[in-house]
Amino acid sequence: MEANRIGRRTVLRTTGALAAATVVTGCGTLMGSSESRGSGGGKKRLVVSNSGGAYNDALTEAIYKPFAKETGITVTTVNYQSAQIIAQVKQGRPQVDLLDNTLLNFQKMARLECLEPVDHDRLKSVKGAGIAEHNLPEYAVGKNVWASVMAYRTDSLKRAPKSWADFWNTHSFSGPRSLQSAEVDLPELEFALLADGVPLDRLYPLDVDRAFASMSRIRGEVKKFWNTGALPAVLLGRKEVVATSLWGGRADELIKQGQPVAYQWNGARRMANGWGIPKGAGNTDAAYQLIDFSLRPEVQAAFAKLSPTGGPVVPAATKLLSEDVLATLPTSPQNLKIGFDADAAWWDKNRDAVTKRWQEWADA
């Protein structure tokens with residue numbers, strides 16, 4: 001999802017300056033980077049990399065601005081892909097203080113020795129907060145959760161599909177489908193296994209042979225293996241498919257437009273974004289302050305209201321949200337129990353092999 005979210009918004013840093021960066025000052029206003037270079041230096045300035053776009057806008061309103069107002073620490077945001085950060089760290093010159101990325105990408109960066117281990121004891125907001133263990137790995141801290149779900153057209157199907165087994169049942173739920181390609185992110189092997197009868201709590205380690213056999217059974221009904229995050233919603237909106245997997249929030253936009261579309265959370269695949277500190281970063285104290293601030297229940301709730309990827313990792317945050325908002329979040333109490341969390345360690349170990357096999361299977 002990282003490369004797809006960044007795309008044309010990737011910002012390259014030139015020597016001695018942050019080109020086209022966003023700066024949030026201590027008073028919460030926005031300025032161009034040329035103004036910021038003369039203020040907020042040293043420990044009063046924190047450079048954060050995230051994937052930009054609407055995601056950055058939500059982070060700015062819910063986290064960066066109130067953090068800057070409370071602490072006086074200037075937050076400067078840039079758009080780097082993890083490969084760029086890895087190269088910087090290997091050269092001994094990390095150009096950011098804090099990273100916002102998926103826990104899967106952090107798994108890879110930790111394996112390549114490009115992240116500082118996180119001292120979770122320095123984070124007051126973590127103690128007793130009930131954050132799931134898989135969102136507190138050694139080299140990162142989970143912050144928000146997003147999910148891939150099943151969406152469908154209510155005017156094309158006689159009844160609503162309730163599971164991935166229904167999605168795979170092309171007799172009772174007839175019509176063209178769409179699923180995610182390995183070109184954009186992880187192929188959806190878990191959905192294939194759930195459709196084949198594997199229980200949620202026994203998915204990992206993935207039975208890759210069984211998953212591809214299941215994928216082959218539905219392949220003839222898949223009109224498109226989508227390769228951009230926006231495409232499945234387009235296919236569904238144009239009635240080119242009757243059902244599809246898609247990233248959470250995309251279906252909500254169609255529903256707001258009045259489209260006869262619905263989605264369900266049974267078997268949703270959850271993935272977390274979080275914080276990581278690049279090895280050799282020069283401003284870890286401020287980084288820890290921002291991490292800690294972002295995990296306050298009220299801050300988690302504020303971000304959830306602004307972003308469809310904002311499922312809180314702190315359970316107390318859900319108590320501050322309305323039922324309407326909770327219905328759209330993968331970590332709300334009602335949705336949490338019927339989905340599953342992608343195993344970042346398994347995917348980091350097996351992603352290259354699975355992607356190669358996917359490409360061979362797709363080309364066959």
*Shared ILVMFWY cluster between Tyr55 and Phe293, side chains joined below 4.5 angstrom?*
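In one cluster: yes.
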*asked:* I'd like to know if Phe212 and Trp346 are part of one continuous hydrophobic network [Ile/Leu/Val/Met/Phe/Trp/Tyr, side-chain heavy atoms within less than 4.5 Å].
replied: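 Result: yes, single cluster for both.
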Tell me if a side-chain donor or acceptor on [X] pairs with a main-chain N or O of [Y] at a distance below 3.5 Å.
| X | Y | answer |
| --- | --- | --- |
| Gln300 | Val314 | yes |
| Asn283 | Arg45 | yes |
| Gln84 | Gln81 | yes |

*Out of curiosity, Asp196 CG to Ser214 OG, how far, rounded to the nearest 0.5 Å?*
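So the CG of Asp196 and the OG of Ser214 are separated by 4.5 Å.
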*Relative to Phe167, does Arg177 satisfy both conditions: NZ or CZ under 6.0 angstrom from the six-membered ring centre, and within 45 degrees of the ring's axis?*
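Relative to the ring axis of Phe167, which defines the angle, Arg177 lies inside both limits.
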*Does NZ or CZ of Arg269 come closer than 6.0 Å to the centre of the six-membered ring of Phe340, within 45° of the ring's axis?*
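No cation-pi geometry.
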How far apart are the closest heavy atoms of [X] and [Y], and which atoms are they?
| X | Y | result |
| --- | --- | --- |
| Gln264 | Lys162 | OE1-O, 3.5 Å |
| Tyr64 | Thr77 | CE1-CG2, 3.3 Å |
| Leu103 | Ala140 | CD2-CB, 3.9 Å |
| Thr331 | Thr318 | O-CG2, 3.9 Å |

*Apply side-chain contact (heavy atoms from CB on, under 4.5 Å) to Met150 and Ser245, showing your working.*
CA-CA 5 Å; Met150 181 207 306; Ser245 62; over 6 Å; no
*Aromatic plane relationship, Trp247 with Trp146 - under 30° parallel, 30 to 60° tilted, over 60° perpendicular*: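 If you compare the ring of Trp146 with that of Trp247, the planes turn out perpendicular.
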*Once the angle between the rings of Trp361 and Trp358 is folded into 0 to 90°, is it parallel (under 30°), tilted (30 to 60°) or perpendicular (over 60°)?*
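Tilted.
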*Compute the centroid of each ring, for Phe106 and then for Tyr139, and state whether the two points are separated by less than 6.0 Å.*
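No, the ring centres sit 6.0 Å or more apart.
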*List the steps, then state whether side-chain contact (heavy atoms from CB on, under 4.5 Å) holds for Gln259 with Arg153.*
CA-CA 8 Å; Gln259 292 269 13; Arg153 289 194 66 95; 3.4 Å; yes
